[in-house]
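Worksheet: one structure, shown below.
Just so you know, these numbers come straight off a predicted model, no measurement behind them. The chains referred to below are lettered A, B, ... by the order of the sequence lines, with proteins before strands, and numbering in each begins at 1.
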There are 2 protein chains.
Amino acid sequence: MDSIGFEPHDHSSCIHDCIAAVDAQCRTAGLQFTPVRRRVLEILLQEHRALGAYEILDRLREEGLGSQPPVAYRALDFLVKNGFAHKIERLNAFIACTHPGEHHAPVFLICRACDAVAESQREPTQGQLGQAAREAGFVIERAVIEAEGLCPKCQHVGAA
Amino acid sequence: MDSIGFEPHDHSSCIHDCIAAVDAQCRTAGLQFTPVRRRVLEILLQEHRALGAYEILDRLREEGLGSQPPVAYRALDFLVKNGFAHKIERLNAFIACTHPGEHHAPVFLICRACDAVAESQREPTQGQLGQAAREAGFVIERAVIEAEGLCPKCQHVGAA
DNA sequence: TGCGTGATGTTATAAGATTACATGGGGCGT
DNA sequence: ACGCCCCATGTAATCTTATAACATCACGCA
């Protein structure tokens, strides 16, 4: 799994590896990786784009795994809280983490043309955000960093 | 008006100055700074925190300036599009810009205890986000950078 | 067995945002 | 003055996103 998500890669093994990693982590952390939670993560992993909660819910419904919003939101809460998925605030949508379990300070690059989302990692307390916070005497606990623009592929297509 | 919003300051003059600055800018840019738009900006300026669209709508309603959601959303769209206000994605809420008209790459520091929001400016193409984008071949058009944590004042109160 | 904890099922509703269509007022060319 | 266009506004309806509240179930454990 690479840190940048725009390159082609072996997707089915990427899915399998992620599930296995999360499964192992849940075991050691004493967390219940239940069928719904696992399935939601699989659904998210099938795309390198963000899915809305209701999009996920639709798929769960088709599979008979639950039909009401709280089912999807609860699974997503679990995944997000434990760092297995992230919420993209800009899109009100969710995406699987590409570095499950690693120390977390995600940065997202969102392509406005093809909706692909790449996740990268940065130290939030360094760099310009950290500097702004230090100047203000502000203590950062979490940071949302989401850039919107064009991925390499889409820069060369319509070239809007 | 300072670039960091946690210090005490002369708030009524800050409001007045902002409105005057925006008014002048609208004049030169040929934009209509209508009563609803002006009032919404005033409402936002009265607080150094983000307000939801419906919170704003409630105040407009009390004043007889409009009662349906589109009234508030349209005014907010105008203000955001022209850089006089910003949307805080993390909160689904809006805040007046503290640097109206200046070249814009805002960074927000959101206090989770008192809800104060400070706005600072950074060059988005520099720093860690820019670096991540460059590595990925991604072209940034807009960036959402919102840090959540504790402002100086709240660090010394309950000390959660 | 009985209890507590955490996951699920289900109903209802809150909160945030947009679509669509009707109305009105100001500037401008004729 | 007239008609026209553009932009802003008024309003109803609807859609999307998210949560509250409460019942039930399964498991581990005293």
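- An aromatic stacking contact between A:Tyr73 and the base of D:dT19 is absent, as defined here by ring centres under 5.5 Å apart and ring planes under 30° from parallel.
- Between C:dG9, C:dA17, C:dG6, one nucleotide has an atom nearer to the side chain of A:Val71 than all others, and that is C:dG9.
- Atom-to-atom, CZ of B:Arg61 to C1' of D:dG10 comes out at 13 Å; the value is rounded to the nearest Å.
- Following rounding to the nearest Å, B:Glu55 (CD) and C:dA15 (C1') show an atom-to-atom distance of 12 Å.
- Checked by distance alone, B:Tyr54 brings no side-chain donor or acceptor within 3.5 Å of a matching partner on the base of C:dA14.
- To the nearest angstrom, C1' of D:dA18 lies 10 Å from CG of B:Asn92.
- When the nearest nucleotides of DNA chain D are assigned to B:Ser67 and B:Arg37 by heavy-atom distance, the more 5′-ward of the two goes with B:Arg37.
- Which of C:dA17, C:dG9, D:dA8 sits closest to the side chain of B:Lys87 comes down to C:dA17.
- Closest-nucleotide positions on DNA chain C for A:Pro69 and A:Phe78 were compared, and the one nearer the 5' end corresponds to A:Phe78.
- In terms of modelled atom types and a separation under 3.5 Å, the side chain of B:His86 and the main chain of B:Ala96 share no donor-acceptor contact.
- For B:Arg59 and B:Glu47, the salt-bridge test passes: some basic side-chain N is under 4.0 Å from an acidic carboxylate O.
- Remark: P of D:dA18 and CD of A:Gln68 are 17 Å apart, rounded to the nearest angstrom.
- Aromatic rings from B:His16 and B:His11 are positioned such that their centres are separated by 6.0 Å or more.
- Between the CG atom of B:Asp77 and the C1' atom of D:dT9 there is a distance of 14 Å, given to the nearest Å.
- One interatomic measurement links the two molecules: CD of B:Gln32 to P of C:dG26, which rounds to 10 Å at whole-angstrom precision.
- Rounded to whole angstrom, the span from the CG atom of A:Leu60 across to the P atom of C:dA7 amounts to 17 Å.
- Distance from the side chain of B:Arg74 is smallest to D:dT9 among D:dA18, D:dT9, C:dG9.
- For the pair B:Arg122 and A:Glu135, the salt-bridge criterion is met [side-chain N within less than 4.0 Å of a carboxylate O].
- A donor-acceptor contact shorter than 3.5 Å is absent between the side chain of A:Asp23 and the backbone of A:Ile19.
- The side chain of B:Pro70 has D:dT11 as its nearest neighbour among D:dT11, D:dA18, D:dA8.
- One can place CG of A:Leu57 at 14 Å from P of D:dT19, the figure rounded to the nearest angstrom.
- Close to C:dT8, at under 4.0 Å from its OP1 or OP2, lies a side-chain N or O of A:Thr34.
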